[in-house]
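Quick note: numbers below take in every heavy atom, side chains included, and nothing from hydrogens, waters or symmetry partners. This structure is a prediction, so every number in the text was calculated from the model and none was measured.
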Amino acid sequence: DVSCKVCRYNLEPLEMVRELKFKAVKDGHGLQAHRKLVDFLAKEHNTMMQPKADRGAWAKGLDVPKGLNADCEVLFFAGCKFSYDQDLQKSAVDAVSILKDAGVKIGILGEDEVCCGSRIFSMGYKDESIRFAKMNKNMWKKTNVKTIVTSCSDCYYAFKHLYPSLGSEVEVLHTTEYLHRLLQEGKLTFTKEVPITVTYHDPCHLGRQGEPYIPWDGVETKIRKQIIVYDPPRPRRNGAWGVYDQPRDILKAIPGVRLVEMERIREYSWCCGAGGGVREAYPEYSTRTASERIDEATSTGAEAIVSTCPWCERNFMDAVAASNDSMKIYDMIELVRQAL
């Protein structure tokens, strides 16, 4: 998708793949592994195959407003992965705590939170994903919240790009964007040294798919029944305007951290292998994809891979464990917490 748009802006490979998935699912050709997940999601409102009642357990003891009646200006959306993966939950707790300590009037939905719908959208279940988008949109309306903050890149993509087409007007920020804002305003200061050499992995949904939504109302026609043209010109989404600088600026601001880059970064970043329903349906391929990225990170001399998506982090952690690799995997929040 990115490479095609280097020279041509009227090609949409990713959209074509998604439309093909939508049709395949509609015609009854969806993958069984995905169907099982979607059926569970309808009942328990999460993609982690866990009870709905346990959704808010990650935030036990967190002293912030919770639920639909939470009185807050900023709502932290944990997402399915952070809510249920016990190895990653602390990152969500730290994110909320750091923002609260910085003076942000923040709250969470807790057990009232439901899936964002992003993953099933990429699997081809468009109607089901829209259902969850509407559920979230209605809940946000009840809370009167003005800003949504999430540490999950999948959720960020859904809220930033998919929801606006359904009328959502809430400000959406990834946690790294909010932390970057606080640093610039002087409301967050790093005081401790974190001596480590790291490389940063750009998640697909925060990077090339993290560009802002720009509505377009026009007509698509073809010259000689071949060359697509848009009237008026359509906004160009080529992945270049995703969230790339803020995470790197934060890492560079932490005393002691040395950032070294991999060969494939920003819009050309190599996928971790967990997205698009691959991890659920093709686990071996997903692990091989993650292993290739880990090899690339190792070649930089880095001690750790830092990322800003729980799905990437989980896939890397599993690949490292499977190969007994020494590479460490961190969420950005972990290093931020160590530096405060």
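- A salt bridge links D318 to R279: one of the charged nitrogens lies within less than 4.0 Å of a carboxylate oxygen.
- Although no hydrogens or angles enter the test, the distance criterion places no donor-acceptor pair under 3.5 Å between the side chain of D85 and the main chain of P310.
- In the model, S269 has a side-chain atom that pairs as donor or acceptor with a side-chain atom of R293 under 3.5 Å.
- The residues D39 and R35 are annotated as salt-bridged, a charged nitrogen and a carboxylate oxygen being separated by less than 4.0 angstrom.
- In terms of modelled atom types and a separation under 3.5 Å, the side chain of K187 and the main chain of G103 share no donor-acceptor contact.
- Side chain of N238 to main chain of A240: a donor-acceptor pair is present (N/O by atom type, distance under 3.5 Å, no hydrogens or angles).
- In this structure, R264 forms no cation-pi arrangement with Y268, as its terminal cationic atom is not both closer than 6.0 Å to the ring centre and no more than 45° off the ring axis.
- Atom-to-atom distance recorded for M49:CE and L37:CG is 6.0 Å, nearest 0.5 angstrom.
- Summarising the geometry of C152 relative to F82, their closest heavy-atom pair is N-CE1, 4.1 Å, with the distance given to 0.1 Å.
- Between the side chains of Y200 and T308, at least one donor N or O sits under 3.5 Å from an acceptor N or O.
- Ring geometry for Y157 versus F121: interplanar angle of 30 to 60°, hence tilted.
- Of the possible polar contacts, one joining the K21 side chain to the G276 backbone as a donor-acceptor pair under 3.5 Å is found.
- Taking the six-membered ring for Trp, F316 and W311 have ring centres at least 6.0 Å apart.
- The existence of a salt bridge linking E292 and R288 is confirmed by a sub-4.0 Å separation between a basic side-chain nitrogen and an acidic carboxylate oxygen.
- Screening residues 211-231 for side chain to side chain donor-acceptor pair (under 3.5 Å), with sequence neighbours left out, gives Y230-R234.
- Contact check on D154 versus K81 returns no salt bridge, with no Lys/Arg side-chain nitrogen under 4.0 Å from an Asp/Glu carboxylate oxygen.
- The main-chain N or O of A158 is never found under 3.5 Å from a side-chain atom of S118 such that the two would form a donor-acceptor pair.
- In this view, D54 and P51, Y84 satisfy the side-chain contact (heavy atoms from CB on, under 4.5 Å) rule, not counting sequence neighbours.
- For the salt bridge (Lys or Arg N to Asp or Glu O under 4.0 Å) test with D202, the passing option among R266, R208, R248 is R248; the others fail.
- Both tests do not hold together for R236 against W241: distance to the six-membered ring centre under 6.0 Å, angle to the ring axis within 45°.
- Checked by atom type, the side-chain pair N315/S286 shows a donor-acceptor distance below 3.5 Å.
- A salt bridge is defined here as a Lys NZ or Arg NE, NH1 or NH2 lying under 4.0 Å from an Asp or Glu carboxylate O, and R314 with D87 meets this definition.
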Enumerate donor-acceptor pairs with a distance under 3.5 Å from any side-chain N or O in residues 325-332 to protein atoms, sequence neighbours excluded.
from: D325; atom 1: OD1; to: M327; atom 2: N; distance (Å): 2.8
from: D331; atom 1: OD1; to: I333; atom 2: N; distance (Å): 2.9

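- E303 places a side-chain N or O within donor-acceptor distance of the main-chain N or O of T197, the cut-off being under 3.5 Å.
- Here H161 and Y156 keep their ring centres 6.0 angstrom or further from each other.
- Side chain of W58 to backbone of A78: no donor-acceptor contact under 3.5 angstrom is found.
- With hydrogens and angles ignored, the 3.5 Å screen pairs no side-chain donor or acceptor of K90 with any backbone N or O of Q86.
- Salt bridge status for R131 with D127: absent, with no side-chain N to carboxylate O gap under 4.0 Å.
- No donor-acceptor distance shorter than 3.5 angstrom exists from the side chain of E113 to the backbone of F77, with no hydrogens or angles considered.
- Between R181 and E171, at least one side-chain N (NZ, or NE/NH1/NH2) sits under 4.0 Å from a carboxylate O, which counts as a salt bridge.
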